[in-house]
Amino acid sequence: MDKFEKLTGVVAGIDRPNIDTDAIIPKQYLKSIKRSGFGPTLFDDWRYLEPGEPGGDHAKRRINPDFVLNQKPYDQAKILITRENFGCGSSREHAVWALMDFGLKVVIAPSFADIFHNNSFKTGLLPISLTADQVEQLFLELNQHVDSSSGYSLTIDLAAQAVITPAGVRMSFDINEFRKHCLLEGLDDIGLTMQHAEQIKAFESQYYSKAPWLL
Amino acid sequence: MMSAQTLYDKIWAMHEVRPDIEGSGLIYIDRHLVHEVTSPQAFEGLQLAGRDLWRKESIVAVPDHNTPTIGLEFGITDPVARLQVETLDKNCDTHQLIEFKIGDERRGIVHVIGPEQGATLPGMTVVCGDSHTSTHGAFAALAFGIGTSEVEHVMATQCLIQGKSKNMRITVDGAVADGITAKDIVLRIIGEIGTAGGNGYTIEFAGDAITSLSMEGRMTVCNMTIEGGARAGLIGCDQTTIDYVKGRPFSPTGENWNKAVEYWQDLHSDDGAVFDREIHIDGASIEPQVTWGTSPEMVVAVSQLVPDPASETDLVKSGGMQKALEYMGLKANMAFKDVMLDKVFIGSCTNSRIEDMRAAAAVAKGRQVADTIMVAMVVPGSGLVKKQAEAEGLDKIFIDAGFEWREPGCSMCLAMNADRLDPGERCASTSNRNFEGRQGQGGRTHLVSPAMAAAAAVTGHFIDVRKLT
């Protein structure tokens, strides 16, 4: 996993609560046995005016010009802002892969669904929870920049746990220390756990002596 | 002396390899259920890193999401789906894992076959790359869905890095009325707490209305915990649980059975255990439920009218309701008997067990699917459910009534195979998600119980199944 560096990027907004993982990446694309290539079908039902199939040429499909990620400069967005409970529904990590493959690095929302939140850290996508009022403020500022060709940008400083607006306003966010450390260092969870292999084996020996029917 | 613990706290403590500091707890996983959609990238990851599986016997694998429910004798005709199922077969063969392949009567939906085989036992930690793993919490097992990176992590280490969640208890007091099912109970609960209400929690279900449910009913309730935002749902172990588990292929026997049963006696929350949040629902107030929108929290009793966004004071919510009504092609204040249906789906990991088949067949018996319904399909949860239903003559009841009787699989719950809605089609479905496009792009899903779905099939519209004449 790449280290999560401080970044400044264009913000795209999708002003809806409860965006589910079926909306983020529809089921037909889950037939893939790969981890990559999901970017062109991120938010597929909203992004295109005609249905798509896995393996199809998505560049040839009719796009929905009203959908934000089809518009400049938001097609280059690195940060997504949205409303509460983002990523609810299925456990498909493909949702995170699709957001990352599109080029997004950060999602800001008042809250996230638990499994999506967990999955995000595994691939290096940073989910930031701000208060509903702060998210509302970001939407207001974003909407004031709709006519700007360069859009609205935010700076994300994970080490300092801050979202910084163009006016220099800092919004601080909470993140669990372990997850922050893993993202900043680009650490692989499996490698970390393997360091505890002896402890796992010791656990097993006492566990199966107490619960032999599970052996 | 130990202070009073919740069931969740107990199971966590039993499996804690390393304590949780800042979300970094390491817990041991007993059972890993695997299917074709969320595992190929995990197997590939292991291979690329040169890692082996830690405990192969913890895995039970089955293809279910992508498998056709008709014409299986011709194999899978969709080449992309076929490759995915073949990849699972190949991975299981390479690593010598237990898999119920196509053609095996034990094959079915992963959350149906786990309990059916006794692969899910009380007190276990159970994971699967599927959010409806919460189903197994019905057995007082800590069970939750994980993403593909975590699938790989469990394969490699038998553990997961987890932060401990908070405890919530939802007590459904008293008895429910006759004709009210587990599905109505859980839909009502989701309507009450909202689709994000359980975020960050493990939810324990309690109360007479819950403990009087069969294991099938308890699985339906725990299955939809994730629709209320919580990764895991739990119900304490009692005699109903133990009776169900006994004698199944993976269940312990002999002296091990006695030891296990003794151990399982403690799998309930202690008196005086403190929950971070407690909710009470009056069982007697629960009516047959039907969803009207594009989130499972958008649910009302079938006797009520389709809600009116104008009566909602919260502007974000009101806007969401308006969007949902537009997508669903409904008008505020409509009666549900005026909502005409195109398709009916009875199946999914929520409602495809033998009791669900019986409940739907009891309604279908001697009746006919309405002329206006294009397709009404019944998809049993496993080959063994199908066999049992056929032994009871339920297949004949369905077929005589004009339903299609299919092969087991996830089918139209998520429409990865050919079973799906076309744009604008409206479906009464016993599945678990009414999201936009869930059952096919542009499709409109209403979630109901099996009995309500069968009643909708024979009338062509929604009706309180208790009033069917």
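Every chain is numbered from 1, with letters handed out A, B, ... down the list of sequences.
Contact annotation for A:N119: only side-chain heavy atoms (C-beta onward) come within less than 4.5 Å of a heavy atom of chain B. Proximity to chain A (any heavy atom under 4.5 Å) is shown, for B:T157, by both the backbone and the side chain. Residue A:H117 does not touch chain B at all, counting heavy-atom pairs closer than 4.5 Å. Contact of B:E57 with chain A is not made at all, since no heavy-atom distance falls under 4.5 Å. For a residue to count as touching a neighbouring chain, one of its non-hydrogen atoms must lie under 4.5 Å from one of that chain's; by this rule B:W257 does not touch chain A. There is no contact between A:E84 and chain B, counting heavy-atom distances below 4.5 Å. Contact annotation for A:Y208: only side-chain heavy atoms (C-beta onward) come within less than 4.5 Å of a heavy atom of chain B. Contacts of B:V316 with chain A are made by side-chain atoms alone, with heavy-atom separations under 4.5 Å and no backbone atom involved. With a threshold of 4.5 angstrom between heavy atoms, B:E297 approaches chain A through side-chain atoms but not through N, CA, C or O. Heavy-atom distances place the backbone of B:Q439, and not its side chain, under 4.5 Å from chain A. The part of B:I146 that comes within reach of chain A is its backbone (N, CA, C, O), which places non-hydrogen atoms under 4.5 angstrom from that chain. Residue B:L160 does not touch chain A at all, counting heavy-atom pairs closer than 4.5 Å. Heavy-atom distances place no part of B:R31 under 4.5 Å from chain A, backbone and side chain included.
Of all heavy-atom pairs spanning A:A113 and B:N199, the tightest one is CA-ND2, 4.1 Å. The two residues B:K323 and A:D15 come nearest to each other via the heavy atoms NZ-O, 4.1 Å. In terms of heavy-atom proximity, A:Q199 sits nearest to B:V17 at NE2-O, 3.4 Å. Of all heavy-atom pairs spanning A:F203 and B:M14, the tightest one is CZ-O, 3.4 Å. When all heavy atoms of B:N256 and A:P212 are compared, the pair lying nearest together is OD1-CG, 3.6 Å. Taking every heavy atom of both residues into account, B:G23 and A:F178 meet most closely at O-CD2, 4.2 Å.
With respect to chain A, the highest number of heavy-atom pairs below 4.5 Å among B:S39, B:A230, B:G200 belongs to B:G200. In terms of heavy-atom pairs under 4.5 angstrom with chain B, the leader among A:P54, A:A202, A:A197 is A:A197. With chain B as the partner, the residue from A:S32, A:P51, A:S90 showing the most heavy-atom pairs under 4.5 Å is A:S90. If you tally non-hydrogen atom pairs under 4.5 Å between each of A:T21, A:V96, A:T193, A:N118 and chain B, the highest count goes to A:T193. Listed options B:Q162, B:R55, B:E255 were ranked by heavy-atom pairs under 4.5 angstrom with chain A; first place goes to B:R55. Options B:G229, B:G194, B:A196 differ in how many heavy-atom pairs under 4.5 Å they form with chain A, and the most are formed by B:A196. Among B:V151, B:T38, B:L26, the residue with the largest count of heavy-atom pairs under 4.5 Å with chain A is B:L26. Between chain A and the options B:I226, B:T195, B:N432, heavy-atom pairs under 4.5 Å are most frequent for B:T195. Top candidate by heavy-atom pairs under 4.5 Å with chain A, chosen from B:M124, B:K317, B:E152, B:R420, is B:E152. When each of A:K210, A:R92, A:H196 is scored by its heavy-atom pairs under 4.5 Å with chain B, the top score falls to A:H196.
Sparse packing is recorded around CD of B:E262, with 12 or fewer heavy atoms of other residues, nucleotides or ligands lying under 6.0 Å away. Summarising the local packing, CG of A:D2 is surrounded by 12 or fewer heavy atoms from other residues, nucleotides or ligands at distances under 6.0 Å.
We find the CG-CD distance between A:D22 and B:Q441 to be 12.0 Å, quoted to the nearest 0.5 Å. Atom-to-atom distance recorded for A:K31:NZ and B:D78:CG is 4.0 Å, nearest 0.5 angstrom. A:N85 CG to B:S295 OG: the interatomic distance, rounded to the nearest 0.5 Å, is 8.0 Å. How far CZ of A:F116 is from OG of B:S131: 14.0 Å, rounded to the nearest 0.5 Å. Expressed to the nearest 0.5 Å, how far SG of B:C159 lies from CD1 of A:I190 amounts to 12.0 Å. Distance check, rounded to the nearest 0.5 Å: CD of A:Q28 to CG of B:L414 gives 10.5 Å.
Within residues 40-50 of chain B, the residues approaching chain A closer than 4.5 Å by heavy atoms are, in numerical order, B:P40, B:Q41. Near-neighbour residues of residues 128-146 of chain A relative to chain B, defined by a heavy atom under 4.5 Å from a heavy atom of that chain, are none. Within residues 57-67 of chain A, no residue has any heavy atom less than 4.5 Å from a heavy atom of chain B. Residues of residues 38-49 of chain A that come within less than 4.5 angstrom of chain B, heavy atom to heavy atom, are A:D45, A:W46 in numerical order.
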- After noting the C-alpha distance and the side-chain angles of A:R16 and B:E436, does the key distance pass the salt bridge (Lys or Arg N to Asp or Glu O under 4.0 Å) rule? CA-CA 13 Å; A:R16 288 172 78 127; B:E436 284 185 17; 2.9 Å; yes
- Message: B:F144 vs A:D114, test: side chain to side chain contact (heavy atoms under 4.5 Å, CB included). Steps then yes/no.
- Response: CA-CA 11 Å; B:F144 51 91; A:D114 287 349; over 6 Å; no
- Message: For a side chain to side chain contact (heavy atoms under 4.5 Å, CB included) check, start with the C-alpha distance between B:I21 and A:E177, then their side-chain angles and the critical distance, and finish with the verdict.
- Response: CA-CA 9 Å; B:I21 301 161; A:E177 278 300 325; over 6 Å; no
- Run the side chain to side chain contact (heavy atoms under 4.5 Å, CB included) check on B:T148 and A:R35 step by step: do they pass? CA-CA 10 Å; B:T148 298; A:R35 255 176 209 264; 4.3 Å; yes
- Yes or no on ring-ring contact (aromatic ring centres under 6.0 Å, His included) for B:H15 and A:Y207, after CA distance, side-chain angles and deciding distance? CA-CA 8 Å; B:H15 292 86; A:Y207 181 67; 5.3 Å; yes
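Between B:W264 and A:W213, the two ring planes are perpendicular [angle over 60°; tilted spans 30° to 60°].
Between the A:E93 side chain and the B:G129 main chain, no donor and acceptor come within less than 3.5 Å of each other. Side-chain N or O atoms of B:Q84 include none that pairs as donor or acceptor with a backbone N or O of A:I33 at under 3.5 Å. In this structure, the side chain of A:K27 engages the main chain of B:G437 through a donor-acceptor pair within 3.5 Å. Although no hydrogens or angles enter the test, the distance criterion places no donor-acceptor pair under 3.5 Å between the side chain of A:K122 and the main chain of B:E150.
The pair B:R438-A:D20 fails the salt-bridge criterion, with no side-chain N (NZ, NE, NH1 or NH2) lying under 4.0 Å from an Asp/Glu carboxylate O.
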